[in-house]
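So the structure is just underneath, and the comments pick up after that.
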Amino acid sequence: MTLTMPGCEKAGATRIRGCLWYVNNMPVRIGLIGCGNIACQMHAPTYKAMPEVQVCAVADVTPARLSLMKELLNLSDADCYSETEQLLMRDDIDCVVIMTPQQFRREIVIAAAQAGKQILCEKPIAVAPQDADAMIAAARQAGVRFGMVHNYIFFPEVLLIKELIETGAIGDVVVVVQNYLSVEDRPAAAEYKPDWRHNPGFSGGGVLMDMIHPVYLAEWFFGSPIRSVSAAIDRRADTASAVEDLALVRLEFDDGYGLINMAWGEGPGGIEITGTRGRILVFYKNFGTCPFMPVDQIYVVTRDRVMTPHLDRPVDYTTFFRQTFQPLVRDFIESIKEGREPIASAEAGKRALEAVLGCYESAALERVVYLPLPSDDPVYRSGVAGLSDLAIDGNNRLKRRRLYGL
Ligand SMILES: NC(=O)c1ccc[n+]([C@@H]2O[C@H](COP(=O)([O-])OP(=O)(O)OC[C@H]3O[C@@H](n4cnc5c(N)ncnc54)[C@H](O)[C@@H]3O)[C@@H](O)[C@H]2O)c1
């Protein structure tokens, strides 16, 4: 039996109600900070296609990336800055979107908040929870909205799962399994530092930090925060990277469990949800991993029937991936206008970051780690750099692999 969920053919249709299109009937004036791959491939085309926003200025420390964005958005030299502070000084910018590597975000977000800009920030929010808390406090003090690019919430299959859960189609959720075992290890912009994701000082972690998406999605599906984490974290012995390329994670919620299996590798992908009255299974093309493969098949199985909801399946990666950005940006703009938190809040960004770091700490100490991390935990203060201050057994796998400078 085939079930077409009304509105689910369009990303965001089930969640985004009453789009406002304009704030005060004027386009929201945006400044882009960081003009790397994600900025040029996903964000810039998104804003170009949205009449409710206008990109007025861009900033980047790498001249070649600045030129590329200038061409893409047809900007003048005067609107392109090598120093972010100059962009932040402009009065004609309402909102900034921050797309630098996460290591630089604390300073930029706090400066943006102090300049009175609304802030949309790429994931992960920062490299240490203490930084995230400082950023959130700065935004609160300045009275500006601070949202995250947690765009996977807006994949049509994710919206569908959320709707099925909320309407009780499979009863209460007990276990959420997310397989991301064939994440592609794509280099960052060649003109900057294409390998920064493998440098813990820049990235704050490896594949799990980079693909933090299923961590915030687990929370999104359960509708409650993660209470504790435990994880096996590893790097294949034949590579020399200082970050993990394999993470097998268990998340504990008040009323259920999440499992995330993730790797830069060739394993299977997909989502499997166990409820008290049924199950949902999502497979991607060739049993691959989202978003590198588009949705292939969805099954909703209850005791008396099997449904295969239909979703549009864009064939190419760019179309499939890009469809998540517009509804996210639109929700963020609405949240400013309506004075509410965006669907993807900075607090959710901090909780997801803390869960990832809790996984690294769990693998280091070989025990369950409870969240939130206490403020005197070196990992709360410094992220993976704080792991070296923990009492880690000499034979621990992270040490043997020399991950994160251990
Ligand atoms: N939401 C998603 O699905 C998604 C996908 C890919 C990347 N990302 C995130 O986007 C961010 C950027 O990733 P990327 O792949 O585009 O990296 P990238 O290396 O291609 O781009 C980073 C850009 O930031 C610039 N930059 C570095 N430091 C800066 C500073 N202090 N001020 C201004 N500009 C600075 C660099 O010159 C470079 O152009 C990362 O945080 C990453 O996690 C999110």
Side-chain angles (χ1 to χ4, degrees), residues 11 31-46 57-70 72 80-88 96-112 120-127 131-132 135 147-155 158 180 183-217 243 289-292 317-318 320-329 332 344 348-349 352-353 356 383:
L32 304 182
I33 301 171
C35 303
N37 281 346
I38 194 71
C40 289
Q41 293 166 11
M42 299 293 153
H43 285 269
T46 299
V58 298
D60 198 295
V61 293
T62 307
R65 298 304 304 184
L66 209 47
S67 303
L68 196 63
M69 191 62 101
K70 175 177 174 258
L72 268 176
C80 299
Y81 299 94
S82 57
E83 288 179 14
T84 296
E85 303 75 46
Q86 291 180 338
L87 181 150
L88 293 177
V96 290
V97 185
I98 299 169
M99 300 164 289
T100 64
Q102 42 270 27
Q103 181 214 7
F104 305 109
R105 284 213 251 281
R106 177 186 170 131
E107 195 187 337
I108 296 173
V109 165
I110 291 175
L120 181 60
C121 183
E122 262 298 353
K123 60 73 198 166
I125 187 168
V127 292
D131 292 341
M135 293 150 71
M148 294 301 302
V149 183
H150 283 179
N151 52 311
Y152 283 32
I153 285 173
F154 294 93
F155 275 117
V158 172
Y180 279 71
V183 174
E184 293 180 15
D185 186 9
R186 296 187 172 184
E191 303 86 345
Y192 177 58
K193 297 177 194 297
D195 208 25
W196 67 258
R197 282 183 174 76
H198 288 262
N199 178 341
F202 275 75
S203 59
V207 68
L208 185 62
M209 184 64 85
D210 187 43
M211 285 296 284
I212 198 167
H213 307 282
V215 179
Y216 65 71
L217 284 186
V243 296
T289 290
C290 173
F292 308 97
Y317 166 82
T318 308
F320 182 60
F321 198 16
R322 234 181 236 170
Q323 66 184 329
T324 60
F325 284 82
Q326 206 173 94
L328 180 126
V329 172
F332 182 67
L353 171 70
V356 168

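Both counts, for ligands and for their atoms, begin at 1 and track the order of listing. Position 1 is the first residue of the sequence; numbering continues from there.
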Numbering as shown, the atoms of ligand 1 that approach Thr62 to under 4.0 Å (heavy-atom distance):
36 (C), 37 (O)

Taking the non-hydrogen atoms of Gln41, is any one of them nearer than 4.0 angstrom to ligand 1?
no

Could you tell me whether the side chain of Val243 reaches within less than 4.5 Å of the side chain of Ser203, counting heavy atoms only?
yes

Is any side-chain heavy atom of Val149 less than 4.5 Å from a side-chain heavy atom of Phe332?
no

Cys35 and ligand 1 - part of the residue with a heavy-atom distance under 4.0 Å
backbone

What residue and atom, counting heavy atoms only, is the protein's closest point to atom 10 (O) of ligand 1, and at what distance?
Ile38 CG2, 3.3 Å

What protein heavy atom sits nearest atom 21 (O) of ligand 1, and how far away is it?
Gly36 CA, 3.1 Å

Between atom CG of Asn199 and atom CD of Gln103, what is the distance when rounded to the nearest 0.5 Å?
8.0 Å

Option nearest atom 24 (O) of ligand 1 (shortest heavy-atom distance, choices Pro101, Ala126, Ala189)
Pro101

Nearest-option assignment for atom 34 (N) of ligand 1, heavy atoms, candidates Thr324, Val61, Val58
Val61

Would you mind listing which atoms of ligand 1 come within a distance below 4.0 Å of any non-hydrogen atom of Thr100?
11 (C), 24 (O), 29 (C), 30 (C), 32 (N), 33 (C), 34 (N), 35 (C), 40 (C), 41 (O)

Any N or O on Pro124 sitting closer than 3.5 Å to an N or O of ligand 1?
no

Nearest to atom 37 (O) of ligand 1 by heavy atom, Thr84, Asp60, Ile33: which?
Asp60

Carefully, step by step, assess His213 and Ile153 under the rule side chain to side chain contact (heavy atoms under 4.5 Å, CB included).
CA-CA 8 Å; His213 307 282; Ile153 285 173; over 6 Å; no

NE2/His198 to CG/Asp185 distance, rounded to the nearest 0.5 angstrom?
3.5 Å

Does even one non-hydrogen atom of Arg197 get within less than 4.0 Å of ligand 1?
yes

Using heavy atoms and a 4.0 Å limit, tell me yes or no: is Glu107 in contact with ligand 1?
no

Counting only pairs under 3.5 Å, give me each side-chain donor-acceptor contact of residues 33-46, with atom names and distances, residues two or more places apart or in other chains.
unit_1, atom_1, unit_2, atom_2, d
Asn37, ND2, Pro187, O, 3.4
His43, ND1, Tyr47, OH, 2.8
His43, NE2, Glu122, OE2, 2.8
Thr46, OG1, Met42, O, 2.6

Are any side-chain N or O atoms of Arg105 and backbone N or O atoms of Ala132, one a donor and one an acceptor, separated by less than 3.5 Å?
no

So if I count the atoms of ligand 1 from 1 in the order they appear, which ones are less than 4.0 Å from some heavy atom of Trp196?
13 (O), 17 (O), 18 (P), 19 (O), 40 (C)

Check: of Gln102, Glu85, Arg105, Glu122, min heavy-atom distance to atom 44 (C) of ligand 1 comes from Glu122

Distance check, rounded to the nearest 0.5 Å: Ile98 atom CD1 versus Ile108 atom CD1?
6.0 Å

One residue to check: Asn151. Relative to ligand 1, which of side chain, backbone, both or neither has a non-hydrogen atom less than 4.0 Å away?
side chain

Any idea which atoms of ligand 1 are less than 4.0 Å away from a heavy-atom of Phe321?
3 (O)

Decide yes or no on side chain to side chain contact (heavy atoms under 4.5 Å, CB included) for Ile125 and Met148, but give the supporting numbers first.
CA-CA 7 Å; Ile125 187 168; Met148 294 301 302; 3.8 Å; yes

Taking Val329 as the fixed residue, which of Asn151, Leu120, Thr324 is the one that meets the side chain to side chain contact (heavy atoms under 4.5 Å, CB included) rule?
Leu120

Would one find an N or O of Arg65, backbone or side chain, under 3.5 Å from an N or O of ligand 1?
no

Please check whether Tyr152 reaches ligand 1 - meaning an N/O of the residue sits under 3.5 Å from an N/O of the ligand, judged on distance alone.
no

Close N or O approach (Lys193, ligand 1; < 3.5 Å)
no

Atoms of ligand 1 less than 4.0 Å from Met99 heavy atoms?
11 (C), 12 (C), 22 (C)

I want to know whether Phe154 and Phe325 have ring centres closer than 6.0 Å.
no

Salt bridge present between Asp60 and Arg65 (N-O < 4.0 angstrom)
no

Once rounded to the nearest 0.5 Å, what's the spacing between atom OH of Tyr152 and atom SG of Cys290?
5.5 Å

Identity and separation of the nearest protein heavy atom to atom 9 (C) of ligand 1
Lys123 O, 3.6 Å

For Ala188, take its heavy atoms, then give the atoms of ligand 1 lying under 4.0 Å from any of them.
17 (O), 18 (P), 19 (O), 20 (O)

